[in-house]
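Indexing begins at 1, ligand by ligand and atom by atom, following the structure's order. Here, residue 1 is the first one in the sequence, and each next residue gets the next number.
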Amino acid sequence: MSQAAFLPPELTTEQLLLRRWRPEDRPAFAAMNADPRVMRHFPSLLSREESDATADRVEAFFQKHGYGLWAVEVPGSAPFAGFIGLSSPRFEAHFTPCVEIGWRLAAEHWGRGYATEGARAALRFAFETLALDEVVALTAAGNLPSRRVMEKLGMTRDPADDFDHPSIDAGHPLRRHVLYRIARSGNRGVGRA
Ligand SMILES: CC(C)(COP(=O)(O)OP(=O)(O)OC[C@H]1O[C@@H](n2cnc3c(N)ncnc32)[C@H](O)[C@@H]1OP(=O)(O)O)[C@@H](O)C(=O)NCCC(=O)NCCS
């Protein structure tokens with residue numbers, strides 16, 4: 001039997017439920033992906049079809065690995081607020097193959113600590129359940145809120161790891177990316193704040 005069969009289907013935190021996606025999450029996900037505030041640090045907004053294709057890829061990753069970019073529910077408040085979780089880049093770079101932690105929340109849910117809280121649970125899962133040695137995070141260099149989340153998680157950036165994202169055209173202002181890393185051995189207390 002594969003590892004996936006033994007993994008917990010959801011993670012809970014003080015304020016959040018990180019769960020598998022449902023078909024009814026897709027309209028709210030498409031609305032986020034069409035919001036210029038949410039997509040400010042991405043090259044383009046997503047159409048409904050592109051958003052659904054992203055959700056399909058998330059689902060395929062869950063089916064293969066048993067974990068992934070969990071749907072974020074705020075119990076009693078919001079059935080779907082975005083995603084937080086683990087994935088693997090589909091491009092090749094000096095740090096791949098790797099497991100990446102990532103997040104994208106609808107703008108009305110920003111500023112409440114949700115990304116950091118959910119990501120702490122995802123990191124704990126990565127180190128304690130999957131026993132990974134390292135998790136990375138990457139973002140456009142100018143995405144300061146996302147970088148702040150990485151820093152609050154205890155992740156660190158070496159400027160020597162900065163890279164040009166291979167799917168973004170040369171000369172595009174979002175091409176330059178930063179890479180943050182955290183190792184299991186450097187992960188003391190990540191789940192306890
Ligand atoms: C990145 C994102 C998930 C953060 O979600 P969140 O729940 O608001 O995050 P948190 O509340 O846990 O932490 C955000 C931190 O960024 C800080 N921040 C917000 N805007 C900032 C800015 N313009 N410059 C610097 N820091 C900023 C907040 O003050 C907070 O830090 P603090 O706790 O020290 O005050 C959310 O902004 C988002 O979905 N953005 C759009 C999608 C995206 O860019 N995803 C990441 C792609 S790599």
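- Ligand 1 lies out of reach of I84, whose nearest heavy atom is not under 4.0 Å from it.
- Of all protein heavy atoms, the one closest to atom 42 (C) of ligand 1 is V38 O, 3.4 Å.
- The N/O atoms of S146, backbone and side chain alike, include none that comes under 3.5 Å of an N/O atom in ligand 1.
- Annotation: W110 places an N or O atom under 3.5 Å from an N or O atom of ligand 1; distance criterion only.
- In this structure, R26 is not positioned above the aromatic face of F80 in the sense of NZ or CZ being under 6.0 Å from the six-membered ring centre and within 45° of the axis.
- Salt-bridge check for R19 with D25: passed, with a basic side-chain N closer than 4.0 Å to an acidic carboxylate O.
- The protein non-hydrogen atom at the shortest distance from atom 14 (C) of ligand 1 is V149 CG2, 3.9 Å.
- Atom 44 (O) of ligand 1 has its closest protein heavy atom at N143 ND2, 2.9 Å.
- Looking at R104 against ligand 1, both its backbone and its side chain come within 4.0 Å, counting heavy atoms.
- Considering backbone and side-chain N/O atoms, M150 never comes within less than 3.5 Å of an N/O atom of ligand 1.
- Among residue pairs with one or both ends in residues 140-161, none qualify as ring-ring contact (aromatic ring centres under 6.0 Å, His included); sequence neighbours excluded.
- Taking hydrophobic clusters as Ile, Leu, Val, Met, Phe, Trp and Tyr residues chained together by side-chain heavy-atom distances below 4.5 Å, L138 does not share a cluster with I182.
- The nearest protein atom to atom 33 (O) of ligand 1, hydrogens excluded, is given as K152 NZ, 2.6 Å; this is a heavy-atom distance.
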